[in-house]
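The block underneath contains the structure these notes are about, expressed in structure tokens.
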Amino acid sequence: INPRWLLFFLRRLYQKPRRKALVELRIQDRAFQFQIGGPDLHILENSPLDPDLRVSGTAQAFIALFSRKQSLEDLRSSGALQLQGSPQAQKTFAQALGLHNPE
């Protein structure tokens with residue numbers, strides 16, 4: 001699966017949250033960064049910026065998340081997704097995608 005296809009689903013799920021955060025998705029061996037909080041998502045690949053939140057996992061884990069087949073909490077607790085960043089950035093990410101808030 002080409003990780004770039006997953007960005008299409010990311011754009012469709014996006015809901016502008018009240019707070020801003022710079023998020024990096026590490027899908028297999030590729031990194032994509034985007035700023036949450038604006039009206040649109042502008043996604044960059046391999047940006048040198050230091051993100052507020054890094055979410056890492058396989059393409060299959062992101063498919064399960066974006067298709068709502070598994071919750072963020074379930075994927076995180078199973079180890080399929082790893083989240084590194086502040087609790088506030090995690091909450092903003094979950095709100096921006098209409099996902100359940102991580103605890």
message: Any heavy-atom pair between the side chains of L25 and F93 that's under 4.5 Å?
response: yes
task: Please determine, by modelled atom types, if R54 and Q82 share a side-chain donor-acceptor pair under 3.5 angstrom.
output: no
- prompt: Checking Q28 side chain against A59 main chain: does a donor-acceptor pair fall under 3.5 Å?
  reply: yes
- request: Identify the two heavy atoms, one from K16 and one from G38, that lie closest to each other, and give their separation to 0.1 Å.
  value: CG-O, 3.6 Å
Backbone of L22 reached by a side-chain donor or acceptor of D52 within 3.5 Å: yes
task: Look at the side-chain heavy atoms of Ile, Leu, Val, Met, Phe, Trp and Tyr, link any pair under 4.5 Å apart, and say whether L49 and F34 land in one connected group.
output: no
message: Please give me the minimum heavy-atom distance between Q15 and G98, naming the atom from each residue.
response: NE2-CA, 3.7 Å
message: Within the 4.5 Å heavy-atom criterion, are L44 and F32 side-chain neighbours or not?
response: no
field: Nearest-0.5 Å distance, CD1 of residue I36 to NZ of residue K20
entry: 12.0 Å
4.5 Å side-chain heavy-atom contact, L53 and T92: no
query: Between R11 and L41, what is the shortest heavy-atom contact and its length?
result: NH1-O, 2.9 Å
query: Which atom pair, heavy atoms only, marks the closest approach of Q90 to G85?
result: NE2-O, 3.0 Å
- request: Of all the heavy-atom pairs spanning A64 and S67, show the shortest one and how long it is.
  value: O-OG, 3.5 Å
- request: Using atom types as modelled and distance alone, determine if a side-chain donor or acceptor of S78 lies under 3.5 Å from a backbone N or O of L75.
  value: yes
- request: May I ask you to test the L99-R68 pair for a side-chain heavy-atom distance under 4.5 Å?
  value: yes
- prompt: Quick one: CG on L6 to CD on Q60, what's the gap to the nearest 0.5 Å?
  reply: 9.0 Å
